[in-house]
*Asks:* 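Quick one: structure below, then a few questions.
Residues: numbered from 1 along the sequence shown. Reckoned from all heavy atoms, side chains included, excluding hydrogens, waters and symmetry mates.
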Amino acid sequence: MNYWLMKSEPEVFSIADLKQQHQTIWDGVRNYQARNYLRQMLPGDLAFFYHSNTNPPGIAGLMRVVKTGIADPTQFDPKSDYYDPKSSIESPRWQTVVVEFVEDFSQPILLSTLKEKFNPEELMIVRQGNRLSVIPVSEAVAQQILALRTD
């Protein structure tokens, strides 16, 4: 099993939204490196749900990858903010995954806490200027993050 961190702005899609829906397609990723990470995911992998562009930002919960290798449907929709006219159904540029809710944390693990516990080589989210919405997390770091949860 692999571990990941996936960002979303809570005003756009939050851990509460995922909890209510139980499963969702993780659409709208338009960065090639983040897309490549999505392509590496396997069913059963766990991902930390990170609330970004909020005050304060942090890990709000945990989700599981349930399906991989899905063409992101928003790339084909001219009305979508994520439309890509260079992508085709025969040769889609953007793949994604389906995730399911696992748990929400009673208190988010704040970015400030992550910065205290991890250096940029251990956890990319604490790297100055990191803008990727999908990043890998080593198992050792993932276990340490899970240990930071409060009940």
Side-chain angles (χ1 to χ4, degrees), residues 1-115 118 120-138 141-142 145-146 149:
M1 175 175 51
N2 299 306
Y3 294 90
W4 307 91
L5 184 144
M6 299 167 73
K7 293 189 210 174
S8 180
E9 297 177 12
E11 293 77 26
V12 175
F13 191 80
S14 70
I15 190 73
D17 296 324
L18 179 59
K19 185 175 185 177
Q20 182 179 21
Q21 293 179 16
H22 185 66
Q23 280 190 1
T24 194
I25 188 168
W26 198 264
D27 60 8
V29 174
R30 292 300 181 269
N31 173 283
Y32 286 105
Q33 184 60 57
R35 181 213 52 196
N36 292 343
Y37 288 140
L38 287 167
R39 286 179 171 175
Q40 294 174 30
M41 291 181 180
L42 299 170
D45 286 356
L46 292 176
F48 295 102
F49 195 122
Y50 185 90
H51 282 172
S52 64
N53 201 23
T54 189
N55 192 14
I59 298 173
L62 194 62
M63 55 191 173
R64 179 179 298 109
V65 176
V66 294
K67 191 171 180 186
T68 60
I70 299 166
D72 183 337
T74 61
Q75 68 191 309
F76 309 122
D77 181 359
K79 296 176 187 163
S80 171
D81 291 339
Y82 304 109
Y83 175 62
D84 184 345
K86 294 182 180 178
S87 191
S88 69
I89 292 176
E90 299 78 27
S91 182
R93 285 181 158 192
W94 305 104
Q95 288 79 34
T96 192
V97 298
V98 172
V99 294
E100 70 180 359
F101 175 82
V102 173
E103 75 176 281
D104 51 1
F105 298 165
S106 59
Q107 296 294 317
I109 302 170
L110 302 180
L111 177 59
S112 58
T113 301
L114 296 172
K115 286 181 176 182
F118 304 103
E121 289 74 37
E122 293 173 311
L123 186 61
M124 271 195 256
I125 194 73
V126 303
R127 187 175 297 157
Q128 185 75 18
N130 177 60
R131 305 269 311 150
L132 286 178
S133 61
V134 179
I135 59 173
V137 177
S138 73
V141 169
I145 292 171
L146 290 169
R149 291 179 292 189

*Asks:* Is a donor on one side and an acceptor on the other found under 3.5 Å between the side chain of Gln75 and the backbone of Arg93?
*Replies:* yes
*Asks:* Quick check for you: to the nearest 0.5 Å, what is the distance between Ser138 atom OG and Glu121 atom CD?
*Replies:* 12.5 Å
*Asks:* Mind checking the CG-OG1 spacing from Asp17 to Thr24? Nearest 0.5 Å is all I need.
*Replies:* 9.0 Å
*Asks:* If we check salt bridge (charged side-chain N to carboxylate O under 4.0 Å, His left out) with Arg30, which of these qualifies: Asp72, Asp84, Asp81?
*Replies:* Asp72
*Asks:* Who are the side-chain contact (heavy atoms from CB on, under 4.5 Å) partners of Asn2, not counting sequence neighbours?
*Replies:* Trp4, Leu42, Asp45
*Asks:* Kindly indicate whether the side chain of Phe48, heavy atoms from C-beta on, has any atom under 4.5 Å from the side chain of Ile109.
*Replies:* no
*Asks:* Do you know the tightest heavy-atom contact between Pro136 and Met124?
*Replies:* CD-CE, 3.5 Å
*Asks:* Between Met6 and Leu38, is there a side-chain heavy-atom distance shorter than 4.5 Å?
*Replies:* yes
*Asks:* Might you work through the side-chain contact (heavy atoms from CB on, under 4.5 Å) test for Asn31 and Arg131, ending with a clear yes or no?
*Replies:* CA-CA 9 Å; Asn31 173 283; Arg131 305 269 311 150; over 6 Å; no
*Asks:* Between Arg127 (side chain) and Pro120 (backbone), is there a donor-acceptor pair under 3.5 Å?
*Replies:* yes
*Asks:* Of all residues at least two apart in sequence or in a different chain, which pass the side chain to side chain donor-acceptor pair (under 3.5 Å) check with Arg39?
*Replies:* Gln95
*Asks:* With a 4.5 Å cut-off on side-chain heavy atoms, are Ser87 and Pro92 touching?
*Replies:* yes
*Asks:* Does the pair Leu62 and Leu146 meet the rule for a side-chain contact (heavy atoms from CB on, under 4.5 Å), with working shown?
*Replies:* CA-CA 9 Å; Leu62 194 62; Leu146 290 169; 4.1 Å; yes
*Asks:* Is there side-chain contact between Ser14 and His51, with at least one heavy-atom pair below 4.5 Å?
*Replies:* yes
*Asks:* Using every non-hydrogen atom in the two residues, find where Ile70 and Val98 come nearest and quote the distance to one decimal.
*Replies:* CD1-CG2, 3.2 Å
*Asks:* Would you check if Phe49 and Asp104 make a side-chain contact, meaning some heavy-atom pair closer than 4.5 Å?
*Replies:* no
*Asks:* Within this structure, what is the CG-OG distance for the pair Asn53 and Ser8, rounded to the nearest 0.5 Å?
*Replies:* 10.0 Å
*Asks:* State the CG-CZ distance between Leu18 and Phe13, to the nearest 0.5 angstrom.
*Replies:* 5.0 Å
*Asks:* For the residue pair Ile15 and Gly61, what are the closest heavy atoms and their distance?
*Replies:* CD1-CA, 4.1 Å
*Asks:* Do you know the tightest heavy-atom contact between Lys7 and Trp26?
*Replies:* O-CZ2, 3.4 Å
*Asks:* What closest approach, in Å, do Ala34 and Val29 show between heavy atoms, and which atom pair accounts for it?
*Replies:* CB-CG1, 3.6 Å
*Asks:* For a 4.5 angstrom cut-off between non-hydrogen side-chain atoms, does Thr68 reach Pro43?
*Replies:* yes
*Asks:* Between NZ of Lys67 and CD of Gln23, what distance do you get to the nearest 0.5 Å?
*Replies:* 9.5 Å
*Asks:* A quick test of your reading: do over 12 heavy atoms of other residues, nucleotides or ligands sit less than 6.0 Å from CD of Gln20?
*Replies:* no
*Asks:* Mind checking whether Leu5 and Ile145 have side chains closer than 4.5 Å, heavy atoms only?
*Replies:* no
*Asks:* Applying side-chain hydrogen bond (donor to acceptor under 3.5 Å, both in side chains) to Thr74 and Asp77, what does each step give before you reach the verdict?
*Replies:* CA-CA 5 Å; Thr74 61; Asp77 181 359; over 6 Å; no
*Asks:* Going by heavy atoms in the side chains, are Gln21 and Phe101 under 4.5 Å from each other?
*Replies:* no
*Asks:* Can you tell me how far the CD atom of Gln33 sits from the OG atom of Ser133, to the nearest 0.5 Å?
*Replies:* 10.5 Å
*Asks:* Compare every heavy atom of Phe76 with every heavy atom of Ala71, then report the nearest pair and how far apart it is.
*Replies:* CB-CE1, 4.3 Å
*Asks:* Counting heavy atoms not belonging to Tyr82, are there more than 12 under 6.0 Å from its OH?
*Replies:* no
